[in-house]
2 protein chains.
Amino acid sequence: MGVSLKDIAQRAGVSLATVSNVVNGYRPVGERTRQRVQQAIDELGYSPNLGARHLRRGRTGLIALAVPELTNPYFAELAEIAISEAAGLGYTLVMENTAADREAELALLDGTRQRVIDGLILSPVRIGREEVLARTAGGPLVLIGEGVYDVPHDHIAIDNVAASHAAIRHLVAIGRRRIAFIGATAGGDRQSAHLRVRGYREALAAAGLPYRPLLVARTDAFGRLDGRRAMHDLLARGDRPDAVFAYNDLVAIGALRALAEAGHRVPEDVAVVGIDDIEDGRFSAPTLTTIAPDKREIGRLAVRRLVARIEGAEVAGPLSVQTPFRLIRRESTGTPGG
Amino acid sequence: MGVSLKDIAQRAGVSLATVSNVVNGYRPVGERTRQRVQQAIDELGYSPNLGARHLRRGRTGLIALAVPELTNPYFAELAEIAISEAAGLGYTLVMENTAADREAELALLDGTRQRVIDGLILSPVRIGREEVLARTAGGPLVLIGEGVYDVPHDHIAIDNVAASHAAIRHLVAIGRRRIAFIGATAGGDRQSAHLRVRGYREALAAAGLPYRPLLVARTDAFGRLDGRRAMHDLLARGDRPDAVFAYNDLVAIGALRALAEAGHRVPEDVAVVGIDDIEDGRFSAPTLTTIAPDKREIGRLAVRRLVARIEGAEVAGPLSVQTPFRLIRRESTGTPGG
DNA sequence: CTTCGCCTGTATAACGTTATAGAGCCGCGC
DNA sequence: GCGCGGCTCTATAACGTTATACAGGCGAAG
């Protein structure tokens, strides 16, 4: 079908190996020969058959980024960054959607898929430390987010507890005392929610505020619909909070909607803070105060670590990296002066 | 490294070809032999090396979906559908981000990438009919959206003009007369915007309303920021519209934001309609009336057509398919009764 | 009894690449 | 004159799979 090394070799009157060396620079080639070969390549429009190359090399040049939901803008923004970073390193990034499904995550961990992918970046949701430890086969694995800790793999995440502290401190600083949390799961299956609840409780304690279980609302998933439903639940309990800290921006936006539907003003009656800094939050009414992770850093680091492992390079530094974050004040907690 | 056909063949005491036939069912295998081979496969945990398979078959099993922006929820939602449809057909879908860049689109059309991908689903933005016609090499191509018409490729899109008519009819029905349009590009490079403007003009005419150039606002891109800026521009002209029809939901959401910032009420002062039915519009304040394309149908159809072409099947029906859409009334044009 | 065809299984040649062993040539030093 | 190392380049064996040609056995048809 396409133009192969053989065609170039014939045209240039050299051997296959020489053409390969011109293309890959694995061994030096004489200047005259190189030019003849290069000319043949240009004329015939040769591009290597990656399948064959990778069969020979044992690598496919494909890495995967598996996220629980593509439609969460946080992951979409992360994906854009990771795709471009991977391209810069000569890799193609494949998106996988686990749909926050346990089976899907397990299948990715050590399924047949691994045979075609050089490495995997996974944002785990339904699996834990044991499942990751049980994995034996498959290429390098980089974990992102707060799902799994203490495993022998690279791990990139923000410091969730510190992030919660920052959010609560901000709410306390603007005079809120009855601060609710939305996003704790019923089961033990979403680790990051637990961490965020822990940060919430610790930060409340640090501020001298009591922890009230009635101000914690569970959700099944972490989308706008879940946030809206949980906020309505919270309001139905009769004990209205004066602030809400949400598991992420989507949940926060759902909460904003529920508050509007119930006739409460934000931030006057209830202040709202999310996490992720997705673009939606800059255009919601009111705009959303949020904890902004450094998505660029997370995406770049995850891809670089993975590629380094694939290529067998020594990777300096600890396995687990915490990336920076900052609090962005917007209307949902009252703007400082703009 | 992994377990190969050879290992299985040795274990089961048969030839390579027989194992291959058990795995692929290309040729019948005796029942006793089949069982022995199957047992060896289970014991050793064999899974085929896809690289080698595809080198031999001449296909990679990869198809690409190239969109102008991953962070537009419309494309994220479409991608989720397409990924799952492709998986069902035994293909892996790779996301490509053209970033609405002309060079990126051209590179995808006949670049080296094609060598590793069996086929491409492209949402063109900056290239036109000529560029697509100029393409000679590369696998099957399916176009989605309204960028390019009249080319010898499958094409899936909604009827843009009809969609515009529906939107305008709705605005007229609720008593609006000064209907603006946001999203026309300056250059000729975004075809769908022109079509939507055409639909807008025709529908105005059909409703007996004059076309006023001052009510058409250009944007460079089609995100929230662009919508916001364009809406501010429109308001700055002093000739306030009583309704806005936006190029898509993101632009509409940007416009909502600008209207709020300028102190106008929606829908009382200005009604707003978008296109895409992204989830954001169901949670904005106010919620967004929109033209909802059948994303599931578009995603499924695009993948199915592409796979059919790859596998050389006869594809019935015309190349160009128009998928259904419907108008969803929400708060931004005044809810009918809820 | 042959011939044909079917059934089951085998041997082997691709697919396009890269890595390895080695061939030819030249110049240098003994 | 000869051995030796360095420089180019070539020939070829993999990588793991699938498709093709073929071999052997056996029953049915001639």
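Given the structure is predicted, the values throughout are model-derived calculations rather than measurements.
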**Q** With sequence neighbours left out, what residues match A:Glu77 under salt bridge (charged side-chain N to carboxylate O under 4.0 Å, His left out)?
**A** A:Lys295
**Q** Decide whether B:Asp294 and B:Thr323 meet the rule of one side-chain donor and one side-chain acceptor closer than 3.5 Å.
**A** no
**Q** Does any pair with a residue in residues 42-63 of chain A pass salt bridge (Lys or Arg N to Asp or Glu O under 4.0 Å), and if so which ones, sequence neighbours excluded?
**A** A:Arg11-A:Glu43
**Q** Return the polar atom pairs (N/O with N/O) between nucleotides 24-28 of chain C and the protein under 3.5 Å, or none.
**A**
none

**Q** Heavy atoms, side chains only, cut-off 4.5 Å: are A:Met95 and A:Val67 in contact?
**A** yes
**Q** One character per nucleotide, please: for nucleotides 18-27 of chain D, 5' to 3', B when the base has a protein heavy atom closer than 4.0 Å, S when only the sugar-phosphate does, - otherwise.
**A** BBBBB-----
**Q** Under the side chain to side chain contact (heavy atoms under 4.5 Å, CB included) test, which residues partner A:Ala17, sequence neighbours left out?
**A** A:Ser15
**Q** Among pairs that include at least one residue of residues 12-31 of chain A, which meet salt bridge (Lys or Arg N to Asp or Glu O under 4.0 Å), considering only residues two or more places apart or in two chains?
**A** none
**Q** For B:Ser4 and D:dG16, is the shortest distance between a side-chain N/O and OP1 or OP2 below 4.0 Å?
**A** no
**Q** I'd like to check the side chain to side chain contact (heavy atoms under 4.5 Å, CB included) partners of A:Ala86; sequence neighbours left out, ordered by chain and number.
**A** A:Ile63, A:Tyr91, A:Leu93, A:Val303
**Q** Quantify the bending of the helix from C:dC1-D:dG30 to C:dC30-D:dG1 as the angle between its end axes, each fitted on five pairs, to 10°.
**A** 70°
**Q** Is it the case that atom CZ in B:Arg36 sees more than 12 heavy atoms from other parts of the structure closer than 6.0 Å?
**A** yes
**Q** Who are the side chain to side chain contact (heavy atoms under 4.5 Å, CB included) partners of B:Ala302, not counting sequence neighbours?
**A** B:Ile121, B:Val142, B:Ile144, B:Ile156
**Q** Could you check how far NZ of A:Lys6 sits from C1' of D:dT10, rounded to whole Å?
**A** 16 Å
**Q** In whole angstrom, what separates B:Glu31's CD from C:dC7's C1'?
**A** 15 Å
**Q** Residues in side chain to side chain contact (heavy atoms under 4.5 Å, CB included) with A:Ala9, at least two apart?
**A** A:Leu16, A:Val19
**Q** Flag the pair B:Glu131 and B:Arg102 as a salt bridge only when some basic side-chain nitrogen lies within less than 4.0 angstrom of an acidic carboxylate oxygen.
**A** yes
**Q** Among C:dT10, C:dT8, D:dT10, find the nucleotide with the atom closest to the side chain of B:Ser15.
**A** C:dT10
**Q** Tell me: CG of A:Asn49 to P of C:dC15, nearest whole Å?
**A** 12 Å
**Q** Which residues in residues 33-42 of chain B have at least one heavy atom lying under 4.0 Å from any atom of DNA chain C?
**A** B:Thr33
**Q** My understanding is that only residues two or more places apart in sequence, or in another chain, count here; which of them pass ring pair (Phe, Tyr, Trp, His ring centres under 6.0 Å) with B:His54?
**A** none
**Q** Take a 6.0 Å sphere around CZ of B:Arg296 and say whether it holds more than 12 heavy atoms from other residues, nucleotides or ligands.
**A** no
**Q** Send over the distance from A:Arg59 CZ to C:dT17 P, rounded to a whole Å.
**A** 18 Å
**Q** If the cut-off is 4.0 Å, is A:Thr18 near the phosphate of D:dT10, judged by side-chain N/O to OP1 or OP2?
**A** yes
